[in-house]
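Worksheet: the structure to be examined is printed underneath.
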Amino acid sequence: MLNAQQKAAVTYTDGPLLVLAGAGSGKTRVIIQKIVHLIEQRHYPAPHIYAVTFTNKAAQEMKHRIQHILPAERRRGLKIATFHTLGLHILKQTPTLCDLHRGFSIMDSEDCLGLIQTFLPPARKRDREDLFRIQQQIFIWKNALLTPEAVSKNSLSEESLEILSLFQRYQDTLRTYNAVDFDDLIGLPVTMLQKHPDVLARWRQKIRHLLIDEYQDSNQAQYQLVTLLVGEQGAFTAVGDDSQSIYAWRGAKPENLSHLARDFPTLKCIKLEQNYRSTGRILQAANQLITHNTSLYEKRLWSELGPGDLIRVLCCKDGQDEAEQVIADLISHRLRHGQSYNHYAILYRGNHQARLFENVLRLQGIPYRITGGDSWFARTEIKDMLAYMRLLCNIQDDTAFLRVFNTPKRGIGATTLETLSKYARQKGQSLYVCAGHLAFLSQIHDKSRQAMENFLGWFNALRVRRQQEPIIPVLQEMVKTMGYETHLYDLHDTSMKAQKCMENVWDLILWVERLLEKKPEHDLSDILNTLMLIDIMDQSNHSDQEAVQLMTLHASKGLEFPFVYLSGMEEELLPHRASIEADQIEEERRLAYVGITRAQRLLTLSLAKQRRRGGELHQCTPSRFLDELPEDNLEWYGRSVATPEQSLARAKSHLAGLKELLK
DNA sequence: TGGGGTGATATTTTT
DNA sequence: TATCACCCCA
């Protein structure tokens, strides 16, 4: 059953609609029901409805839920995807209008960073901070939809001027590689649609209603894309909550919520304030915390679920102790209440905090699942394989070539590569293409030439087969003949590791195969691009074997769990140090808000008195956010403020204990 | 192949 | 400090 506001949001189709939905107010439900309403009641054909989310997980969840409501034939052609996937769809329709060709590659942030690195003089290559600053600036420009030319019109500092020239070179290189980065997936469609009204008209016809989840996370470029696609009449439903805006660092503009009212005068706005998720005390705590922020939209969440339990605060000695206490508590709680492990979540600010918990969980033999952290694609063997596949599809992709040409080692060294780079730059063609030129081959030593010719012969044969045969056997053949397994055994000191890597390689092939089965009309390059945007782990996560969930606060948004442990409630960690310095406490507070509102029935906060950070042992102060919670709702454990005497006494007794043990 | 030692390096969040 | 890549030796 829907409440009055939810129902209004679902059935309103007269114009642009903004739904301000507090945490746990049934936001996703509204989107799903609205899709159903559009199809069933308003007879929109499913292919004309597009729902966009920001994370794969959210998209996945939505697809999953709609499967249970709409029969397959009714939802055929319905699009539920991330913003970046939408951008990819648009690019794929008309790549040439964006200066791309069919089969273009997507490069991830790491690839892009590596690319920028190649532009810098060797002396600067090692300065990570420098590198990061450059990437960040380029990212900011791209998200403001600025071209290098546009940027150059402003007066710039010397440093910015230098970054600008790198930006220019970066963009040019991507285009010659026939590649795009993540930001291009949004930016290129926007500029293209602005320039080509006919294409825009086609897309407007195709997308008769656009639904956008977590609208507060959209950035400038994404806002532009939305306004273009929905046209003046504004056939869209945007759902968002400014209190849950936690992606400002990635360019998200929560102001986009209010910009909608400015750009669409007929915008209707509906607030959802009834929370169906959490018990009263948890909700009160969240409400009170967020009042310390200046928010764009006033709202007050309320719940009918009763007050529920107190929020517990576990004060721990250090990070290790925190992990042990939390997990001990979890174990006993589970036993006492006969709960299953997947009803528990441990949340934290940064991925590195997962380690301590992971260790203890493993020690206790408790099943757990970590979301986020290093993705599959960060693994070397996966990146290697993807590079091979990318090159197979797109021989312009020099980044892929650079990875491929000497992995495994083929006796083609730095000198040869340098000669090749020079030659290729002169010719203005890709490395792979040039590598086959006689004019180049004659310039290098016999041994290198032999190696290069062998490699090219082998790879070209694969490319020919790719055109004519089913792709999977070709890929399998490639893996078997490329000598990668031997390379792995050389690389790793244990055969165990090498075997594991090889398994990953075969898993990847398996994934490609499965994706192909699911979408038979796709070719390898489509699959590759899909893989770049979807983390394999997201999908395998669907195996719902029971396990405790570990994830960052960011990753937890949109999810809910009966029992939540929110760890690391300390200054410099939950308001993160960098955010304190950058004066971005409000975003951190929203992050805490997101964490608290994940809990349905029981929330446990934990903090450590000291924590090792880098080399040093760091004394921690409890998070200021703890002071901002209603004290009556909190129940403290172990809050003995240790005076020096107490510490001394504790140390003595500890020592005595040790002596006892030694006897 | 596997064990152990050394030295460098990291610490915010993600498509 | 803890981990990881890397290297050497058995």
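Proteins come first, then strands; the chains are lettered A, B, ... in the order of their sequence lines, and each starts at number 1. What you are looking at is a predicted structure, and each value in this text was computed from that prediction instead of being measured.
For the pair A:Ile186 CD1 and B:dT15 P, the interatomic distance rounds to 13 Å; values are reported in whole Å. Remark: P of B:dT14 and CD of A:Glu587 are 12 Å apart, rounded to the nearest angstrom. To the nearest angstrom, C1' of B:dA10 lies 13 Å from CZ of A:Arg577. Atom CZ of A:Phe139 and atom P of B:dT15 are 13 Å apart (whole Å). In this entry the distance linking CG of A:Leu347 with P of B:dT13 reads 14 Å, nearest Å. When rounded to the nearest whole Å, the span between CD of A:Gln60 and C1' of B:dT15 equals 15 Å. The interatomic distance linking A:Gln584 (CD) with B:dT12 (C1') rounds to 12 Å, in whole Å. B:dT15 atom C1' lies 14 Å from atom CG of A:Asn529, rounded to whole Å.
Ring geometry for A:Phe54 versus A:Phe83: interplanar angle of 30 to 60°, hence tilted.
An aromatic stack links A:Trp249 and the base of B:dT13, using centre distance under 5.5 Å and interplanar angle under 30°. In this pair, A:His576 lays its aromatic ring flat on the base of B:dT12, centres within 5.5 Å and planes under 30 degrees apart.
Taking the salt bridge (Lys or Arg N to Asp or Glu O under 4.0 Å) definition, one finds that A:Arg362 meets it with A:Glu358, sequence neighbours left out.
Contacts of A:Phe83 with the nucleic acid, taken as non-hydrogen atoms under 4.0 Å apart, are absent.
A:Asn351 has a side-chain polar atom (N or O) that falls below the 4.0 Å cut-off from OP1 or OP2 of B:dT13. A sub-4.0 Å separation between OP1 or OP2 of C:dA2 and a side-chain N or O of A:Arg612 is present.
Using a distance-only test at 3.5 Å, with no hydrogens or angles considered, no donor-acceptor pair links the side chain of A:Gln222 to the main chain of A:Ile186. For A:Asn56 (side chain) and A:Leu533 (main-chain N/O), a donor-acceptor pair under 3.5 Å exists by modelled atom type. Without hydrogens or angle criteria, A:Asn394 side chain to A:Asn178 main chain gives a donor-acceptor distance under 3.5 Å.
Listed in residue order, the members of residues 103-111 of chain A having a heavy atom less than 4.0 Å from DNA chain B are A:Ser109.
Proximity note for A:Asn359 (side chain, C-beta onward) versus B:dT14, C:dT1, C:dT3: the nearest is C:dT3.
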From CA spacing to verdict: salt bridge (charged side-chain N to carboxylate O under 4.0 Å, His left out), A:Glu628, A:Arg589 | CA-CA 10 Å; A:Glu628 296 172 0; A:Arg589 191 175 282 113; 2.7 Å; yes
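A:Arg590 forms no cation-pi arrangement with A:Tyr593, by the criterion of a distance under 6.0 Å to the ring centre and an angle within 45° of the ring axis.
Look at the C1' atom in both B:dT11 and C:dC4: the space between them is 15 Å, to the nearest Å.
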